[in-house]
Amino acid sequence: MLPEPFTPQFLTQLETLRLRTKKETLGSHPGSYSSPRRGTSLEFADYRRYSPGDDLRYLDWGIYARSDRLYIKVFREEVDLFAYIFIDASASMAFPSPGEKFQPASHIALALAYVVLANHDHVKLHFLQSGSSSVASPFYRGRRRMVDCVDFGAAAAPGGPLELGPSLGEHLKRLRRPGKAILISDFLMPAPSYQQGLNLLRAFNLDIAAIQVLSRAEVEPPFATGAFNLVDSESNAELRLQWDAAARQGYHVKLAQHNSEIRSFCHQSGIHYSLYVTDRDLSDFVFATLPAIGLFK
Amino acid sequence: MEFLSPSALYGFLALPLLLLPYLIRRKPQRLVFSSLLLFAPQASGATARPWRRLRLPPIFFIQLLLLALLIFALGEPVFSVRVSNVAVVMDNSASMQALEQGTTRFALAQERARTLLADLGATGRVDIYVTVPRLTNVTKETLTPLEAASMLTSLEPFDLPDVSVDYGIVLKELAQDLNYERIYFLTDRPAHGQSGVLWILTLGQAQENLAITSFRVRRSSLTNSQLEALVSVTNFTSQDQKTKVLLRGRGALLATKELTLGGGQSDTVSFQGFAEHPYFEAEIDARDALALDNRRFAVPSHTRTLKILGISPRPEAVASLRRVAGVSIDVISPRDYGNVDRSGYGLEIFHLSAPPTLPGAPALLVLPPETNPFVELERPMSPVGVSHWRAGHPLTRYLNFALFRPRWARPFKPKFPGETLIESPEGGLVFAAERYGVRYLVLGFDPFPYLGKENLPISIFTLNFLDWFIGESGAEGNGTGEPISVRTSEPGAVMVTPKGEQQPLRPGSNSFANTFFQGIYQLSHGKAKELFAVNFYDTAESNLRERAPITLRDEDNTNNRISTLLFLWPYLLSLSLLLFVIEWFLIPRVMRSRQTVRFRKIEAV
């Protein structure tokens with residue numbers, strides 16, 4: 001049973017999309033993504049001198065006519081894509097409630113997974129949690145495996161703290177093929193922490209997209225004016241806060257600054273970045289925002 | 001601006017209590033947020049102190065203003081339109097002599113009245129009234145406030161109890177009749193209700209008081225020359241009181257006795273074996289608020305013998321009383337009654353006759369004729385049977401009514417307020433009455449001649465009524481305000497009051513009415529002098545703890561009401577209501593915004 005947003009119409013629209021990669025992939029089957037290996041695709045890659053046994057169909061007769069030398073045209077190999085979708089499943093993703101933040105994040109992941117599956121590529125879902133709590137699905141291929149993706153995603157529950165770098169490292173240790181990495185998180189962590197995680201993904205030669213998910217309550221905290229103690233959902237740290245108009249303004253400035261730093265880092269690192277506030281329509285985000293940042297072809 | 005209920009303004013003292021909810025540090029609310037990364041740490045005010053730093057929100061000031069307005073409204077503020085025609089009614093009853101921190105209530109009332117008059121301005125017109133002996137305008141013509149203020153100085157409180165009238169009605173009618181725009185009534189009685197025209201200004205607080213409520217000096221019997229003094233003292237306090245009762249004779253201390261009284265109780269002290277003086281004085285050694293009721297005066301019977309004037313067609317029968325020791329009697333015929341000097345007689349016995357009018361002296365009427373002012377005669381009866389008698393009365397003591405059988409009687413029905421002491425089936429046989437301190441006795445049978453032991457029941461009854469006339473009548477003296485009955489028709493008779501004033505009696509007058517002060521009054525006529533004791537006897541007036549309140553009624557139904565007050569409390573209440581609505585509007589907004597916090601609250605640390 002697919003979740004509510006995944007209507008037949010929505011799925012049909014998703015089937016029209018394809019993930020775009022900036023890097024060449026090393027697929028195992030023929031596909032539509034270029035590979036560093038030479039193959040039989042239509043995309044011209046290079047010339048090499050003819051050697052006996054080469055297929056004469058690939059001789060470039062024009063060069064032979066001009067230079068009286070035999071050259072063979074070499075084409076790129078087009079292979080399938082391996083996509084890795086990393087979903088932040090820490091306690092902060094359950095704020096203010098799992099249905100208002102973690103579930104929308106999961107829906108984005110499932111939508112992207114369906115795009116991959118519909119193109120007969122490989123997708124793997126990773127839920128990032130601290131230590132051994134992190135789980136990863138097997139590779140799914142083919143749109144029929146969408147149900148498995150949904151089941152896998154439904155089994156995950158957010159909780160606990162998260163150190164992005166170490167948690168990603170645990171997953172990347174078992175990663176064998178480069179491909180597309182999509183990190184879905186609220187990125188409410190210090191800049192060194194998320195930078196370490198993203199750099200780790202870069203180090204594994206992955207084509208990276210970062211989607212920041214925030215709930216409306218995080219964008220505009222609905223605190224009543226007055227004093228209260230604020231508790232961090234992950235670390236349980238407590239902060240005495242006097243909430244008033246000035247504090248609200250200060251929070252907005254800091255949030256904008258934080259998001260700007262993420263966007264800047266991603267831009268400098270060649271990472272697709274987008275912000276999704278969960279009260280926004282999912283299809284609007286998938287079909288308008290994500291193509292706009294170049295995530296889809 | 002003035003306040004009709006100024007005591008409500010004490011509520012302002014409680015206003016700082018409103019700060020308490022804001023001072024007491026509540027347990028801070030704990031809210032979970034996804035991350036504290038974007039929140040700047042603030043200087044925490046969290047300390048172990050139960051009081052937090054005072055931070056007053058705007059709602060506090062609205063609440064403060066709301067409460068202040070409510071208290072202000074409870075004080076019933078009024079803007080008084082300046083009035084020009086006022087009456088000042090001074091309560092000059094005895095309780096106004098009570099001391100309030102060294103000053104009498106009446107002096108406080110005078111001072112307060114002067115303050116009120118000073119506010120009237122030069123155009124005001126003032127009448128001054130006093131309440132006792134009756135509500136009287138003491139100003140011959142309307143005065144200016146300045147004249148009225150100086151007039152107040154000449155007033156003084158009388159030793160008289162308050163008149164039992166409903167001042168709420170009487171003063172309201174006075175305002176209507178004489179078109180007073182305002183009547184100030186300065187009294188020590190509290191007021192209930194409110195009135196626009198009548199302002200009751202209550203002076204003084206509830207005070208504890210001891211009082212002599214009765215003082216009598218009498219002979220124990222007709223034949224006994226020894227005097228007995230009875231002093232009754234009442235404790236108008238809630239606690240036990242110990243006091244000393246002093247008996248003085250013409251100023252000289254004769255005897256003292258200690259007396260302990262429980263709260264609200266009375267007791268009587270008896271003195272015996274003291275020498276005879278023209279007058280006696282009882283005093284209690286109490287330092288209470290009202291000194292007036294700590295002293296009483298009494299005059300004993302001025303002669304040791306009872307001098308009787310007998311008026312009878314059968315003189316020998318009445319003259320038989322000469323056999324009684326201590327009795328001297330002169331007998332005249334009824335025709336001579338108007339021609340003799342009756343002064344000096346302690347009793348007039350009308351035997352088979354009656355005076356044309358009520359006599360001024362104690363009188364005994366024996367078988368009066370039809371034309372008498374006391375009783376209506378029935379048919380004669382013989383033999384006489386006694387069907388009922390009043391037990392415990394001085395006239396019936398020692399009597400054995402099984403043996404009390406007059407041979408012939410003519411019963412009667414009283415037509416005068418009094419008490420029938422002995423009755424036959426056909427009507428009364430003995431009727432006693434008292435008016436203005438003078439005692440009258442009517443007999444429906446003839447006790448004369450006095451036969452002594454030969455007719456013992458009738459002789460005992462004869463001695464009883466002689467004792468009753470000589471021993472009881474006038475022993476307690478007059479109350480203040482009651483006229484003194486005088487038995488002189490000599491011109492030039494003068495009454496000397498306790499204040500030393502000499503007031504001549506009108507010729508032919510048989511009473512002296514100006515008994516406004518307690519003490520000994522001395523009647524001088526010729527060389528003869530007669531003393532009268534006048535005492536202040538009013539337990540309600542002596543009870544300074546519980547003064548009877550005056551009830552004011554709403555004057556809305558009064559057609560010619562002259563409103564001189566602009567009541568502000570409706571406006572203040574309206575403003576308070578508006579503030580309450582504002583507060584109600586603000587607080588739910590805060591509460592609603594709190595309800596939108598949809599995230600979890602940590603129940604406990």
Side-chain angles (χ1 to χ4, degrees), chain A residues 88 90-97 99-102 158 161-162 186-191 193-194 213-244 246-259, chain B residues 18-63 582-605:
Chain A
D88 183 350
S90 64
S92 67
M93 292 297 285
F95 177 82
S97 68
E100 290 181 76
K101 189 173 177 186
F102 182 71
L162 176 67
D186 54 11
F187 290 101
L188 291 176
M189 58 191 82
S193 181
Y194 68 77
V213 177
L214 293 176
S215 66
R216 176 55 61 187
E218 287 167 322
V219 177
E220 294 170 3
F223 302 139
T225 301
F228 49 84
N229 286 0
L230 208 59
V231 181
D232 191 295
S233 62
E234 292 186 14
S235 65
N236 285 333
E238 201 165 325
L239 180 71
R240 176 82 175 158
L241 195 65
Q242 178 65 40
W243 190 252
D244 49 21
R248 188 186 302 274
Q249 180 67 21
Y251 176 82
H252 287 154
V253 169
K254 279 204 164 189
L255 178 64
Q257 187 180 355
H258 179 73
N259 292 347
Chain B
L18 186 63
L19 280 171
L20 281 182
Y22 296 89
L23 283 171
I24 294 173
R25 188 155 58 98
R26 284 168 297 189
K27 190 176 179 181
Q29 193 181 16
R30 299 180 80 232
L31 303 173
V32 176
F33 200 71
S34 54
S35 174
L36 303 184
L37 178 71
L38 304 177
F39 291 96
Q42 295 184 345
S44 174
T47 65
R49 282 180 291 126
W51 305 97
R52 65 173 177 169
R53 190 163 64 86
L54 191 60
R55 183 178 288 123
L56 297 174
I59 197 85
F60 166 79
F61 296 101
I62 292 178
Q63 290 169 343
I582 291 173
E583 186 190 357
W584 174 83
F585 179 73
L586 287 178
I587 282 191
R589 280 171 64 89
V590 174
M591 297 304 290
R592 277 199 299 273
S593 67
R594 285 187 179 174
Q595 284 168 2
T596 57
V597 179
R598 289 172 294 175
F599 37 84
R600 291 177 292 132
K601 292 182 182 174
I602 292 180
E603 294 299 328
V605 177

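Numbered from 1 within each chain, the chains take letters A, B, ... in sequence-line order. Only a predicted model underlies this, so the values are computations on that prediction, with no experimental measurement involved.
Chosen from Met189(A), His258(A), Glu218(A), the residue pairing most often with chain B at heavy-atom distances under 4.5 Å is Glu218(A).
Atom CH2 of residue Trp243(A) and atom CG of residue Leu31(B) lie 11.0 Å apart, to the nearest 0.5 angstrom. Taking CG of Leu36(B) as the start and OG of Ser92(A) as the end, the distance is 11.0 Å to the nearest 0.5 Å. One distance of note links CD of Gln29(B) with CG of Leu241(A); it measures 11.5 Å at 0.5 Å rounding.
In this structure the side chain of Phe33(B) never reaches within 4.5 angstrom of the side chain of Ser233(A), judged on heavy atoms.
Relative orientation of the Phe223(A) and Phe39(B) rings is tilted, given thresholds of 30° and 60° on the angle between their planes.
In this structure, chain B has heavy atoms under 4.5 Å from both the backbone and the side chain of Ala237(A).
Contact between Leu188(A) and Ser34(B) at its shortest, heavy atoms only, is CD1-OG, 3.4 Å.
Remark: Asn236(A) pairs with no residue by the side-chain hydrogen bond (donor to acceptor under 3.5 Å, both in side chains) rule, at least two apart or across chains.
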